[in-house]
Amino acid sequence: FTSTRDITMAKWDQALKVAAASHPRTKEQTIAYGTAGFRTKAELLDHVMYRMGLLAVLRSRAKGGQSIGAMITASHNPGPDNGIKLVDPKGEMLEAAWESVATKLANCKDEDIPTELDQIVEQFNIPDIDSQVVVGRDTRVSSPALSKACLAGIAAAGGGSMDIGVVTTPQLHYMVVCINTKGGYGLPSLPGYYEKITTAFKKFMSLVPDKGAYRNKIVFDGANGVGAPSMAQFKEKLEGALEVEMVNSGEGELNSGCGADFVKVTQGAPQGLTLTEGTRCVSVDGDADRVLYYYQSPLGFRLLDGDRIATLIAGHLKHLLATAGLTDSIKLGLVQTAYANGSSTEYISNSLGVPVSCVPTGVKHLHHKAMDFDIGVYFEANGHGTVVFSESAMKLIKEKGGEKLSTLLDVINQTVGDAISDLLLVECVLADRGWDCPDWDKCYTDLPNRLGKVAVRDRTLVTTTDAERKVVTPEGMQDNIDKIVAEYSKGRSFVRPSGTEDCVRVYSEADTREGADLLNKRVSEMVVQMIG
């Protein structure tokens, strides 16, 4: 008799053989699939990449043979880190039910790979059909080898692959959606991506003859990452419509002293960029899915973060819907996290009259909630976000929305937060409003805030509820936060485990800069005392 184990081993013989020979698990360290996939030191990831190639094939089969994306990046993390995230057919993050499956497969012994794969097939009733995985990578030194490991896993599981090389994370999402819609969303190629967005941008700008105080020049900080070569392509195609001066284009170290995360955390300009009054500056992160604006005012450095971008876009979409007489036919909403500045939430709800929903951090939560609206605008304060439209809203906009609104549909990359598409959308809105940064900044006054990182022995010791606004464990931590916050006027502070780095994040707000900084310092010290 042939045992079930023998059949399993035979079926996955190639997967096991390649794993043992070329991509064995040599490190005992357990690694979990988090908010942004797997992310840790690059030298720990070879076997994980191989196994995610195997899993991506099964995911593709589970989705009827549709294309799945595999993006090798660690986004805003330092250069020695890397990671991988799988992208579902509509450009969404991997379905939550598969995250624990990915974690289990990544950490099992080599000899248990066939059994694990069989269990996944059984659990999700996966047919043995053709599959396709689209693989992209960022500019990290470790990315080419890790990409090869992922491609080896795809081949060993009998899947088809398309290696699209060095791309931004949003470009990978775009490609997956275009392939799965058979070109319905756009041409499934990188030239198709650039063409769709730049053509729409130039058309929109031509529809705005009087641009008021707006000037068509920006300084772009590429974080020494993959956003720089991508922006170089855009720059060439946008000649005459938008002038782009580029810094941190790959000459320095990735995300070191530059990029969106650095600007947000330090609340200052990146290295290589000299702030001068009257210049709009933009920073993206290492894989170009986050964007922040900032400028030099007579009072110093001014940051226009994801909250500001969200309010600017939502306000203008509301205006364009009203102009087209579609306010009652199309439901517009904005999705934020608890880390959105309190003033922005008040401004959106009270001044703009746009409904606001609050969800836990992580793009998958925001994107999912945004789809409850006909037009859902979502942004995290860190600059990651986009706008999503329902099929019926797009149809109505194309029929009755007017030329400006229908053109904006193609400036926006709806598949995921796309730093460069988002910045072009912001440029469109500023031009149409006749604004520059100071006009935009005047909409509301931010409560002074500080986002800090605290190194702890184990970030999983902190668990939260209420869209991450309340700490559940360790016991007593929330009471300590409440006691400290009570001492500050307009004080708020949240503590949560980072979804992307091995640390705990502490966000604080108060009515003065000194208050916000001191509140953050005191809460951070308390966290260290309890779990440092």
Side-chain angles (χ1 to χ4, degrees), residues 167-168 170-171 173-175 177-178 185-187 189-222 227-246 279-284 288-293 304 309-310 312-317 319-320 323 375 377 379 383 385-389 394 397-398 401-437 440:
V167 288
T168 67
Q171 286 173 333
H173 284 252
Y174 169 90
M175 286 288 285
V177 174
C178 289
Y185 185 69
L187 204 60
S189 69
L190 291 176
Y193 165 86
Y194 290 115
E195 195 59 35
K196 179 181 179 181
I197 295 172
T198 54
T199 302
F201 177 80
K202 289 192 280 196
K203 182 182 175 187
F204 186 93
M205 286 304 197
S206 72
L207 297 170
V208 187
D210 179 9
K211 297 181 177 66
Y214 174 82
R215 274 170 298 179
N216 67 335
K217 181 183 176 185
I218 58 168
V219 179
F220 177 86
D221 159 30
S230 178
M231 180 45 101
Q233 294 274 335
F234 273 108
K235 181 181 174 178
E236 199 180 299
K237 295 180 188 323
L238 291 170
E239 205 173 332
L242 184 67
E243 192 185 328
V244 184
E245 182 188 324
M246 294 175 64
T279 306
R280 266 192 323 286
C281 303
V282 188
S283 283
V284 302
D289 62 2
R290 293 183 185 188
V291 63
L292 297 172
Y293 273 75
L304 298 158
I309 293 169
L312 178 77
I313 292 168
H316 203 57
L317 288 173
H319 163 72
L320 291 174
T323 307
I375 302 179
V377 180
F379 273 85
T386 188
V387 186
V388 291
F389 297 80
M394 286 194 285
I397 286 166
K398 282 171 185 167
E403 217 169 354
K404 282 181 184 173
L405 192 51
S406 18
T407 303
L408 281 184
L409 287 174
D410 284 341
V411 175
I412 297 162
N413 181 354
Q414 293 187 52
T415 65
V416 74
D418 181 333
I420 301 179
S421 155
D422 286 340
L423 86 81
L424 293 176
L425 174 58
V426 167
E427 293 297 313
C428 287
V429 175
L430 291 177
D432 206 13
R433 290 270 190 197
W435 284 359
D436 206 341
C437 288
W440 176 11

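Heavy atoms only: backbone and side chains are in, while hydrogens, waters and symmetry mates are out.
Residues forming a side chain to side chain contact (heavy atoms under 4.5 Å, CB included) with D436 (at least two apart in sequence, or on another chain): R215, R280, P438, D439.
No side-chain heavy atom of Y214 sits less than 4.5 Å from a side-chain heavy atom of R433. The shortest distance between side-chain heavy atoms of F204 and D410 does not fall below 4.5 Å. Contact of the I397 side chain with the I375 side chain is registered, since non-hydrogen atoms from C-beta on lie closer than 4.5 Å. W440 is not listed as a side-chain neighbour of V429, based on a closest heavy-atom distance of 4.5 Å or more. Proximity of L304 to V426: side-chain heavy atoms (C-beta onward) are nowhere separated by under 4.5 Å.
Interatomic distance, NZ of K235 versus CD of E245, reported as 8.0 Å (0.5 Å rounding). To the nearest 0.5 Å, atoms CG (L423) and CG (L292) are separated by 11.5 Å. Note that the OG1 atom of T198 and the CG atom of L242 stand 11.5 Å from one another [nearest 0.5 Å]. The line from NZ of K404 to CG of L320 is 7.0 Å long, rounded to the nearest 0.5 Å. In this structure, the separation between CD on Q414 and CG on L409 is 6.5 Å, given to the nearest 0.5 Å. Going from atom CG of L430 over to atom CG of L312 covers 5.5 Å, rounded to the nearest 0.5 Å.
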Worksheet entry | Residues D432, H316; criterion side chain to side chain contact (heavy atoms under 4.5 Å, CB included); working and verdict | CA-CA 9 Å; D432 206 13; H316 203 57; 2.8 Å; yes
Item to complete: Show the numbers, then the answer: is there a side chain to side chain contact (heavy atoms under 4.5 Å, CB included) between L424 and I412?
Response: CA-CA 8 Å; L424 293 176; I412 297 162; over 6 Å; no
Discussion item. Is there a side chain to side chain contact (heavy atoms under 4.5 Å, CB included) between D289 and T168? Walk through the geometry before answering.
Written reply: CA-CA 8 Å; D289 62 2; T168 67; over 6 Å; no
Discussion item. If you apply the rule side chain to side chain contact (heavy atoms under 4.5 Å, CB included), what do you find for Y193 with V167, and how did you get there?
Written reply: CA-CA 11 Å; Y193 165 86; V167 288; over 6 Å; no
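In this structure, the ring of Y194 has its center no less than 6.0 angstrom from the ring center of Y174.
The two residues F201 and C428 make their nearest non-hydrogen contact at CD1-SG, 3.6 Å. Of all non-hydrogen atoms in D221 and S283, the two that sit nearest each other are OD2-OG, 2.6 Å. When all heavy atoms of S230 and I420 are compared, the closest pair comes out as OG-CD1, 3.6 Å. Nearest approach of V284 to A419, heavy atoms of both residues: CG1-CB, 3.4 Å. Heavy-atom minimum distance, M205 versus K211: O-NZ, 3.1 Å. The shortest non-hydrogen separation linking A228 to F220 is CA-CE2, 4.4 Å.
No donor-acceptor distance shorter than 3.5 angstrom exists from the side chain of Q171 to the backbone of L190, with no hydrogens or angles considered. Judged by distance alone, with hydrogens and angles left aside, the side-chain atoms of S206 form a donor-acceptor pair with the main-chain N or O of K203 at under 3.5 Å. With hydrogens and angles ignored, the 3.5 Å screen pairs a side-chain donor or acceptor of T386 with a backbone N or O of N413.
Shown are I218, V219, L238; of these, the side-chain contact (heavy atoms from CB on, under 4.5 Å) with V244 is made only by I218.
Remark: K196 qualifies as a cation-pi partner of Y185 under the 6.0 Å distance and 45° angle criteria applied to the six-membered ring.
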